[in-house]
Amino acid sequence: MMPPLMLFAAGRGTRMGSLTRARPKPLIPVAGRPLVDHALDLAREAGVTRIVANTHYLAAQMEAHLHPHDVITHRESVLLETGGGLKAALDRLGGDPVFTLNADAVWAGGSNPLTRLHGTWHEGCEGLLLLVPRRDAVSHTGAGDFHLRPDGRLQRRGVELEADYVYAGAQLLRTGPVAGMPGDAFSLNAVWDGMLARGTLYGVVHDGRWADVGRPEGIAAAEAMLDGVDP
């Protein structure tokens, strides 16, 4: 049985400018469908049966869209960031480990990202992150996030160095380190730091294509990728 999935859908999407003035970012259309529906397709294709999504910005719109898809929603009165949002939803997820998936990316080709994570998971993992080579991360800017060691463990990039891989917004995590974090609002980066110190944070490389849709220009790039065109 596949682990439950936490879908992050609470953010304000401020980098999208006017596109999110009256609707949440996950409902922006990409290739004729709301962005979040591309994420839901991955979950259903992978056989995930329990999906929880956090909501906050224009929450009623998100909830009206998600409920017909049998998605359980958890409305945050204040933004809790990724770690706090996951911690607050753990009782609704009811499993260990759990998937998390960002709702602002599109995938094409290769293995299903969640299936790939599940098939790579092993007992040494507290966290397993899906990675994309920086050169292949469509519409993503930045110096990368991680180096991947030969044994599969991750190492953060140095302050002044570029990293080989970008975190692609999909992961499989043990819930204990999340539940044990102090406070209500925190980033999953803080959880990863503990795993890195314990040598239990691993990575696996996605074998297809991935587009970041965090900014308006990412929409056309993602649509071109889905059409098989180099963006």
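The first residue in the sequence is number 1, and the count goes up from there. Nothing here was measured: the structure is a model prediction, and the numbers come from that model.
Residue pairs that meet the side-chain hydrogen bond (donor to acceptor under 3.5 Å, both in side chains) test with at least one member in residues 126-142, sequence neighbours left out, are E126-R198, E126-T200, R134-E162, H140-D212. Residue pairs meeting the side-chain hydrogen bond (donor to acceptor under 3.5 Å, both in side chains) criterion with at least one partner in residues 177-187, sequence neighbours excluded, are S187-N189.
Salt-bridge check for D96 with R174: passed, with a basic side-chain N closer than 4.0 Å to an acidic carboxylate O.
The two residues P113 and L130 come nearest to each other via the heavy atoms CB-CD2, 3.4 Å. Contact detail for M16 and V213: the closest heavy-atom pair is CE-O, 2.9 Å. What you find for P3 and L172 is that their closest heavy atoms are CG-CD1, 4.0 Å. A pairwise comparison of heavy atoms in V52 and V71 identifies C-CG1, 4.4 Å as the closest pair.
Each of R153, R156, Q155 was scored for a side-chain contact (heavy atoms from CB on, under 4.5 Å) with F146, with one residue passing: R156.
Applying the salt bridge (Lys or Arg N to Asp or Glu O under 4.0 Å) rule to E45 yields no partners; only residues at least two apart in sequence or on another chain are considered. For R33, the salt bridge (Lys or Arg N to Asp or Glu O under 4.0 Å) partners at least two apart in sequence or on another chain are D41. Residues passing the salt bridge (Lys or Arg N to Asp or Glu O under 4.0 Å) test with D207 are R116, sequence neighbours excluded.
In this structure, CG on N54 lies 11.5 Å from CD on E81, to the nearest 0.5 angstrom. The CE atom of M6 sits 12.0 Å away from atom CD1 of I51, with the distance rounded to the nearest 0.5 Å. Here the NZ atom belonging to K87 is positioned 10.0 Å from the CG atom belonging to L80, to the nearest 0.5 angstrom.
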Run the side-chain donor-acceptor check on residues 98-106: report pairs under 3.5 Å with partners two or more places apart or on a different chain.
from : atom 1 : to   : atom 2 : distance (Å)
T100 : OG1    : Q171 : NE2    : 2.9
D104 : OD2    : K25  : NZ     : 3.2

